[in-house]
Amino acid sequence: MGPPGAGKGTQAKVIADHFGIPAISTGDIFRANVTHGTPLGKKAQEYMDAGEYVPDEVTNLMVRARIDEPDAEPGFLLDGYPRTLSQVEELDGMIRFTGHRLDAVVVLTVDADEIVERLLQRARVEGRADDTEDVVRRRQEVYVEQTEPLIEVYRGRGLVYEIDGMGAVEEVTKRIFDALDAVPQS
Ligand code: AMP
């Protein structure tokens with residue numbers, strides 16, 4: 001977890017590679033569907049372009065289908081999900097069903113002004129439709145309103161590993177691996 005621009009996607013891939021599990025990014029799946037003009041992409045696009053969350057029912061069904069795929073059977077890393085309290089409950093139900101459990105919730109903490117700058121930079125490089133300045137700011141607000149409260153929920157379960165997300169990618173990766181070394185093994 002972490003606000004838009006915190007570096008979740010970059011770190012998710014490195015961690016997932018290390019553990020030999022898929023990194024499941026809801027944002028990437030939505031974007032692929034938008035690119036291919038699928039019905040799911042058509043449902044998601046207007047929300048994404050406005051910086052709003054795609055409705056929970058749509059997102060939950062998509063994640064459920066994805067974690068049912070065989071490559072997720074040994075485990076998986078979720079990037080950008082859950083983002084609402086209702087998604088937390090849905091995820092609990094899904095993994096109870098598949099027999100998985102949550103080992104850790106990695107929260108990347110960053111300086112808000114700096115990440116808006118990072119996102120604007122990414123907009124210039126990647127040309128993402130949801131990286132214009134207004135949308136970038138709206139995405140930060142939506143994160144604070146709808147997603148930040150989840151951190152306390154997971155903290156209450158003893159799952160949160162808060163990591164300083166500022167600095168070079170490799171430094172942040174090292175902090176994450178150091179923290180994950182402390183995760184209890186079952
Ligand atoms: P991301 O690449 O993770 O920043 O996601 C890009 C956009 O996809 C978000 O701004 C939302 O519009 C949508 N999205 C991604 N994950 C979720 C989610 N868990 N719930 C609702 N919308 C999502």
Side-chain angles (χ1 to χ4, degrees), residues 1-16 22-69 72 76-95 100 102 105-110 112 114-151 153-154 159 163 165 169 172 176:
M1 292 180 60
K8 294 188 296 294
T10 306
Q11 297 296 338
K13 289 185 186 80
V14 179
I15 302 167
I24 300 177
S25 158
T26 42
D28 281 354
I29 302 175
F30 282 134
R31 276 185 289 279
N33 277 277
V34 169
T35 303
H36 293 108
T38 69
L40 176 65
K42 292 198 173 96
K43 275 189 209 154
Q45 182 157 28
E46 67 179 287
Y47 297 99
M48 296 174 74
D49 287 351
E52 305 293 336
Y53 286 166
V54 178
D56 286 332
E57 314 82 70
V58 176
T59 308
N60 289 332
L61 274 176
M62 181 180 88
V63 173
R64 186 180 290 272
R66 179 64 189 85
I67 68 176
D68 272 344
E69 285 178 30
F76 48 85
L77 184 152
L78 292 167
D79 162 20
Y81 183 91
R83 266 171 147 118
T84 65
L85 289 167
S86 137
Q87 293 179 12
V88 169
E89 283 174 30
E90 280 287 321
L91 177 62
D92 286 340
M94 285 179 216
I95 63 177
H100 293 101
L102 289 180
V105 175
V106 175
V107 177
L108 294 179
T109 59
V110 284
E114 176 139 338
I115 52 178
V116 169
E117 201 31 63
R118 272 194 205 173
L119 286 172
L120 296 176
Q121 172 68 18
R122 187 166 77 184
R124 291 188 279 271
V125 178
E126 293 180 16
R128 266 175 61 159
D130 59 353
D131 273 349
T132 62
E133 186 149 6
D134 284 354
V135 177
V136 163
R137 296 203 192 281
R138 179 64 194 143
R139 288 168 66 215
Q140 302 299 328
E141 281 172 9
V142 171
Y143 176 80
V144 170
E145 286 163 13
Q146 300 198 44
T147 304
E148 227 169 40
L150 273 53
I151 298 173
V153 173
Y154 284 128
L159 291 175
I163 309 291
V169 169
V172 178
I176 296 173

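The basis for the numbers below is simple: all heavy atoms, side chains too, and nothing from hydrogens, waters or symmetry mates. When a ligand or atom number is given, it counts from 1 through the structure's own listing order. None of these values were measured; they are calculated from a predicted model.
- At under 3.5 Å, a nitrogen or oxygen of R139, whether backbone or side chain, sits near a nitrogen or oxygen of ligand 1.
- The existence of a salt bridge linking D134 and R137 is excluded, since no basic side-chain nitrogen approaches an acidic carboxylate oxygen closer than 4.0 Å.
- At least one N or O atom of G80 sits closer than 3.5 Å to an N or O atom of ligand 1.
- Heavy-atom distances between K8 and ligand 1 stay at or above 4.0 Å for every pair.
- Atoms of ligand 1 lying under 4.0 Å from at least one heavy atom of T59, given by number and element, are 18 (C), 19 (N), 20 (N), 21 (C).
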**OP:** Assess whether side-chain contact (heavy atoms from CB on, under 4.5 Å) is satisfied between I29 and I24, documenting all intermediate values.
**Re:** CA-CA 8 Å; I29 302 175; I24 300 177; 4.1 Å; yes
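- The ligand atoms of ligand 1 that sit less than 4.0 angstrom from a heavy atom of T26 are 15 (C), 16 (N), 17 (C), 19 (N).
- Considering backbone and side-chain atoms alike, V54 places an N or O below 3.5 Å from some N or O of ligand 1.
- In terms of polar-atom proximity, R83 is counted as a contact of ligand 1, with an N or O under 3.5 Å from an N or O of the ligand.
- Taking the side chain as every heavy atom from C-beta outward, V14 and I176 never approach each other to under 4.5 Å.
- Residues S25 and Y81 bring no donor and acceptor atom of their side chains to less than 3.5 Å of each other.
- Under 4.0 angstrom from ligand 1, the non-hydrogen atoms of Y53 come from both its backbone and its side chain.
- Ligand 1 places these atoms under 4.0 Å from at least one heavy atom of E52: 11 (C), 12 (O).
- Only the side chain of Q87 comes within contact range of ligand 1, with a heavy atom under 4.0 Å; no backbone atom does.
- Residues R64 and E90 are paired through a salt bridge, judged by an N-O separation under 4.0 Å between the basic side chain and the carboxylate.
- Using a 4.5 Å heavy-atom threshold, the side chains of V54 and T26 count as separate.
- When R138, M48, Q146 are ranked by how near their heavy atoms come to atom 8 (O) of ligand 1, first place goes to M48.
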